[in-house]
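Taking it in order: structure first as structure tokens, then the write-up.
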Amino acid sequence: MAKKSLGQNFLSDAGVAERIVREFAPRADETVVEIGPGGGALTRRLVERAGRVVAVEFDRELIPVLRERFGARENFTLLHDDALKVDYCAAVSPAASARVIANLPYNIATAILQRLLEQRACLPEMVLMLQREVVERITAPAGSSERGYLSVLVEAFCEAEAIFDVSPEAFRPPPKVWSTVVRLRSRAPEPDDVRDDPLFLRLVGAGFAQRRKTIHNNLRGAPAFVTALVEESGGAPKVLADAGLEPSRRAESLTLAEWLRLASTLKRGG
Ligand code: SAM
């Protein structure tokens, strides 16, 4: 019985499972991470093709099922753990890095994605199935009403490419929404790039805090950490002028380059 609370919509269409794994193209010389293997629709293809598969499953009842199906394979490691808490760099050791594949539980998909991005140093590429609407947000360009914190976060660290859509009928039970498979490839920031600074993400978060407000008003009402820096840098109007941004702009209209400029204006202290 699928558990709604764990976002369990199992892939029942073998053609779709095969297509996802083919797009991922596991190699015999690599370690891969699968999040939420469920009944093993993707896993059984991965263990055949990848050097090693590290699978992270939270549902206690699925652990014996997965052990029974794949436990005999030497290249299969099962972690009974919460994907939000796993230290991926440690989990894939002795490999220094691993690519990730997952049909994510939709209820916590964006939280898992953020966790994976935090550990991108050892997770250079991910092929993920997400709700189509989430992929639309991730890939939304500046100026789109879909653009939000997640779009800027992903753009800052990855190249994102939507690969194909999947209809609800491919799952048991069928979800209410369409899904999209997306590929995210880490792009290495420059060594002294502000995007790797905690300030950068807090600034973007503050900018999107109230979508209907201008960036100027959101900066003025930002959490203490950000407002202190804004004040030290001469106040919101000066910071925006120094970054070459009209105070009437809204966060959704800013390009990544503009966010980076704003962050470096603050870092320099105006
Ligand atoms: N990969 C399987 C498939 O494609 O049929 C199952 C995908 S299902 C959408 C999501 C899977 O993630 C389920 O097996 C669920 O138990 C698991 N899951 C849910 N929350 C999790 C968490 N916090 N950590 C790890 N796995 C989780």
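As the structure lists them, so they are numbered: ligands from 1, and atoms in each ligand from 1. Predicted, not measured: the structure shown is a model, and the values here were computed from it.
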Can you see which heavy atom on Pro175 is nearest to which on Asn9, and at what distance? N-ND2, 3.7 Å
Around atom CD of Glu161, are there more than 12 heavy atoms from other residues, nucleotides or ligands closer than 6.0 Å? yes
Within a distance under 4.0 Å of any heavy atom of Gly7, pick out the atoms of ligand 1 and give their elements. 8 (S), 9 (C), 10 (C)
Under 3.5 Å, side chain of Arg120 to main-chain N/O of Phe157, donor-acceptor pair present? no
Can you sort out which atoms of ligand 1 are near Ile108, meaning under 4.0 Å from one of its heavy atoms? 20 (N), 23 (N)
Looking only at protein heavy atoms, what sits closest to atom 3 (C) of ligand 1 is Asn103 ND2, 3.5 Å
Contact atoms of ligand 1, heavy-atom distance to Glu34 under 4.0 Å: 1 (N)
Atom 14 (O) of ligand 1: which of His80, Arg60, Glu57 has the nearest heavy atom? Glu57
Note: Arg185-Glu159 ion pair, threshold 4.0 Å (strictly below): no
So for Thr43 against ligand 1, with non-hydrogen atoms under 4.0 Å, the contacting part is neither
Among Pro105, Ala83, Ser179, whose heavy atom sits nearest atom 18 (N) of ligand 1? Pro105
Just which atoms of ligand 1 are under 4.0 Å from any heavy atom in Asp81? 24 (N), 25 (C)
May I ask which of Ser12, Ala17, Ala41, Gly36 has a heavy atom nearer to atom 11 (C) of ligand 1 than the others do? Gly36
Just which atoms of ligand 1 are under 4.0 Å from any heavy atom in Asp82? 22 (C), 23 (N), 24 (N)
Interatomic distance, OG1@Thr77 vs CD@Glu34, rounded to 0.5 Å, equals 13.0 Å
With a heavy-atom distance limit of 4.0 Å, tell me whether Ala102 approaches ligand 1 through its side chain, its backbone, both, or neither. neither
Taking 4.0 angstrom as the limit, do Glu125 and Arg99 come out as a salt bridge? yes
Gln8 neighbourhood, listing ligand 1 atoms whose heavy-atom distance to it stays under 4.0 Å: 13 (C), 15 (C), 16 (O)
Can you name the atoms of ligand 1, numbered from 1 with element, that are less than 4.0 Å from a heavy atom of Pro37? 1 (N), 2 (C)
Check the angle between the aromatic planes of Tyr106 and Phe171 and answer parallel, tilted or perpendicular using the 30° and 60° thresholds. perpendicular
Any Leu104 heavy atom less than 4.0 Å from ligand 1: yes
Salt bridge between Asp82 and Arg115, side-chain N to carboxylate O under 4.0 Å? no
Give yes if a backbone or side-chain nitrogen or oxygen of Asn9 is under 3.5 Å from a nitrogen or oxygen of ligand 1, and no if not. no
Looking at ligand 1, does any of its N/O atoms fall within less than 3.5 Å of an N/O of Gly38? yes
Could you check whether Glu133 pairs with Arg137 (Lys NZ or Arg NE/NH1/NH2 to Asp/Glu carboxylate O, under 4.0 Å)? yes
Heavy-atom contacts with Leu62 under 4.0 Å: which atoms of ligand 1 show up? List them by number with element. 14 (O)
Val16, Thr180, Asn103 screened by side-chain contact (heavy atoms from CB on, under 4.5 Å) with Val166, the one that passes: Val16
Considering non-hydrogen atoms only, spot the tightest contact between Val194 and Ala263 and give its length. CG2-CB, 4.0 Å
Taking distance alone, with N or O pairs closer than 3.5 Å, would you say Asp59 contacts ligand 1? no
Does any N/O atom on Leu11 come nearer than 3.5 Å to any N/O atom on ligand 1? yes
Which protein heavy atom lies closest to atom 21 (C) of ligand 1, and at what distance to 0.1 Å? Phe58 CB, 3.6 Å
Could you check whether Glu57 pairs with Lys3 (Lys NZ or Arg NE/NH1/NH2 to Asp/Glu carboxylate O, under 4.0 Å)? no
Among protein heavy atoms, which sits nearest to atom 19 (C) of ligand 1, and what does the distance come to when rounded to 0.1 Å? Leu6 O, 3.1 Å
Could you verify whether a donor N or O on one side chain and an acceptor N or O on the other, from Ser167 and Glu169, lie under 3.5 Å apart? yes
